[in-house]
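Have a look at the structure below, then the notes.
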There are 2 protein chains.
Amino acid sequence: MSVTIREVAERAGVSVATASRALSGGRGVRPANRERVLRAAKELDYEPNAVAAALRSRTTNSVGIVVPRISNPFFATLVEAVEREAARGGQGLLLSTSRYDPEVEAGQLRALLDRRVDALIAVPCHSERSRAAIEAAGQRVPTVQLDLCLDGGGGSWVGVDSEAGILAAVEHLVAGGARTLAYVGSEPTDSSAQARLDGYRGAAPLCPGGTDRVLLGDFSLEWGHRAARRLLENRRELPEGIVCGNDTIALGVLRELARNGVEVPGRVMVTGFDDIPFAELAEPPLTTVRQPLEQLAAEAVRTLATRLRGGEEPHRRVAIAPELVVRASTRA
Amino acid sequence: MSVTIREVAERAGVSVATASRALSGGRGVRPANRERVLRAAKELDYEPNAVAAALRSRTTNSVGIVVPRISNPFFATLVEAVEREAARGGQGLLLSTSRYDPEVEAGQLRALLDRRVDALIAVPCHSERSRAAIEAAGQRVPTVQLDLCLDGGGGSWVGVDSEAGILAAVEHLVAGGARTLAYVGSEPTDSSAQARLDGYRGAAPLCPGGTDRVLLGDFSLEWGHRAARRLLENRRELPEGIVCGNDTIALGVLRELARNGVEVPGRVMVTGFDDIPFAELAEPPLTTVRQPLEQLAAEAVRTLATRLRGGEEPHRRVAIAPELVVRASTRA
DNA sequence: GACATCACGGTAATCGTTTACATCCCCGGC
DNA sequence: GCCGGGGATGTAAACGATTACCGTGATGTC
């Protein structure tokens, strides 16, 4: 069927060992022989069988990734960055989704391990119930948690410094003249939600006027709507700045404010978090904290690469500082 | 290192052949033996080596997919649907992106074939220059083009019936009272752009008042802006219905109309195509033609599955009828 | 000229399964 | 009682690379 290295070797007049050496790296082979092997391979249109190579060399040159979903533009962009980064190193990417179900997630991780991926990248879908599977995986291959992480740490992690991001947003709002603030975020069911909430609480003292309104729901547009309505109940006490836990919530808030004729940023300023593609398309365009996705992906892949090349601490935790992107939903 | 089937067989007191049979399918093994093998496997925490199985059985239980990009929400949703469908059949998904570069695409396809994927799904990034690589791939494994296709056909394809979709949009606009129409789409550089344009031209006779304004650019928000500005140059001749080639363009058009104080759907009705997640978040929410992504994915995977199970025509072309989703950017 | 060193190349073992083939046993039909 | 058939099992040969190990000849050094 397919042409094998044996036939290439035969045509080149060398042994399979030499052919193999010539095709991969080519060290320890006389240039003349190397040439002949390469030529033979081209003439026969030889396609190396990566499966056989993987079996013998015990390395598949592929990494597995598990994310909650891909249709979420945030994860999509993340996966894209990881794919590009992996491809650059000649690594294939095996993609799975957990659909926010720890059981599914565990199954996917196991399937990836059966396929003998060299390393794993996972966005744990639950800060508690993802633990067992992810730690088990970490026993077998280098594993890095991306974006979200397990409660209480454990294993490598690469993510954004949420607290610094929220702090930047708060500083910006205060500098823009906001005297009262509110936070609309998600219940701290995952590590990001927790960190952003902590960030808000930590930054609160910067705003002298008052920062005590904290509304927690989930990371959805609907929650943004509802929270905004709640803040609108008493028009007089409407805060001058609303810090949102992510962009989706912020879009919901913006929309509800627009419906009720509240001027943004005139009467209220709004900030988001993530900088999803639609943030700049909102009306008005949303000031937000941009996740440096490319950097996150690069860092994650690099972490795995160094772990594979040998040693390095298995508990590397990298928090990358995000960047505030100022748009029209706030005053400079 | 890892426990092998040999050790499982030993512990169960049977030969490796029997162990293998028991673990995969279990046909032709006495129930008692099957039980013992399964128990031994569980006790030893046996993890089958899919690489070895793949080498011997010449099937990797994995499909490769190449899309132009994942950060495009349309492709992201498509990939997600394919992943789910593949996972259901126990197939892994190897993901690659072409970044709209036929060279990159060809390289990715080759890499996937080296990895011996059982089948391929590709969204060709160019209707001409993708041909060689995709047809070459099709020689080796079942390959299906998804969404986009090569010029002039060739190979299997699963996509949406663009012409029917545009027709539905036009009918809807005419039924809603539009007397004049315009089309804002992309130059026909890919098969979808072509089909949508053809669809508009085919449906034109339905609108007695006039349908001759056809503006072609690319599938971007900016083009939507520019096209809308051009239509606004002569306010009096502003068409009563604007059919857009995709949602992104439509969002651009909507925005420009809003900036110029044109009422939607009062003065002008607008339709999109695709139903990306943000379509319903637009202001007003966008009436659009929904791509049945789940169905497309399922059909693509099914096509490959039947091809793998043996025979079936290699030239299956499936066009699925899309559904019109009516929202507030048009009158019912 | 003897010997250590070195670069290169070949032979064959190996990775961990699946599966072709042979064997064995049991059962039913004649 | 013999034979054919079929199901369960074992033996061993694949699958197609990589690589440990060893042999060979060239080279350098004393």
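A note on names: the letters A, B, ... follow the listed sequences, proteins ahead of strands, and every chain is numbered from 1.
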Taking [atom1] from [X] and [atom2] from [N], how many angstroms apart are they, rounded to a whole number?
{"X": "A/R6", "N": "D/dT18", "atom1": "CZ", "atom2": "C1'", "value": "12 Å"}
{"X": "A/I5", "N": "D/dT19", "atom1": "CD1", "atom2": "P", "value": "11 Å"}
{"X": "B/R58", "N": "C/dT19", "atom1": "CZ", "atom2": "P", "value": "11 Å"}
{"X": "B/D114", "N": "D/dT18", "atom1": "CG", "atom2": "P", "value": "12 Å"}
{"X": "B/E7", "N": "C/dC15", "atom1": "CD", "atom2": "P", "value": "11 Å"}
{"X": "B/N49", "N": "C/dT17", "atom1": "CG", "atom2": "P", "value": "6 Å"}
{"X": "B/L23", "N": "C/dT18", "atom1": "CG", "atom2": "C1'", "value": "12 Å"}
{"X": "A/N61", "N": "D/dT18", "atom1": "CG", "atom2": "P", "value": "11 Å"}

Using the side-chain heavy atoms of B/T4, tell me which of these nucleotides is nearest: C/dC15, C/dT17, D/dC15. C/dT17
Can you tell me which residue among A/L146, A/D147, A/I121 is in a side chain to side chain contact (heavy atoms under 4.5 Å, CB included) with A/V158? A/L146
Salt bridge (charged side-chain N to carboxylate O under 4.0 Å, His left out) against A/E135, all qualifying residues, sequence neighbours excluded: A/R131
Under 4.0 Å from OP1 or OP2 of D/dT18: is there any side-chain N or O of A/S20 that close? yes
Return no unless some side-chain N or O of B/Y46 is found under 4.0 Å from OP1 or OP2 of C/dT17. yes
From A/S20 OG over to A/I5 CD1, what is the distance, rounded to the nearest 0.5 angstrom? 4.5 Å
If I take atom CZ from residue B/R307 and atom OG from residue B/S156, how far apart are they, to the nearest 0.5 angstrom? 4.5 Å
Would you check if the side chain of A/T143 reaches a backbone N or O of A/V141 as a donor-acceptor pair within less than 3.5 Å? yes
Would the distance check show the side chain of B/R58 and the main-chain N or O of B/L55 forming a donor-acceptor pair, the cut-off being under 3.5 Å? no
So if I define the base as every atom that isn't primed, P, OP1 or OP2, how would nucleotides 5-11 of chain C read as a B/S/- string at a heavy-atom cutoff under 4.0 Å? ---SBBB
So, are A/R110 and B/D45 salt-bridged, with charged N and O less than 4.0 Å apart? yes
Quick one: the side chain of B/R56 and the base of C/dT17, do they pair up donor-acceptor inside 3.5 Å? no
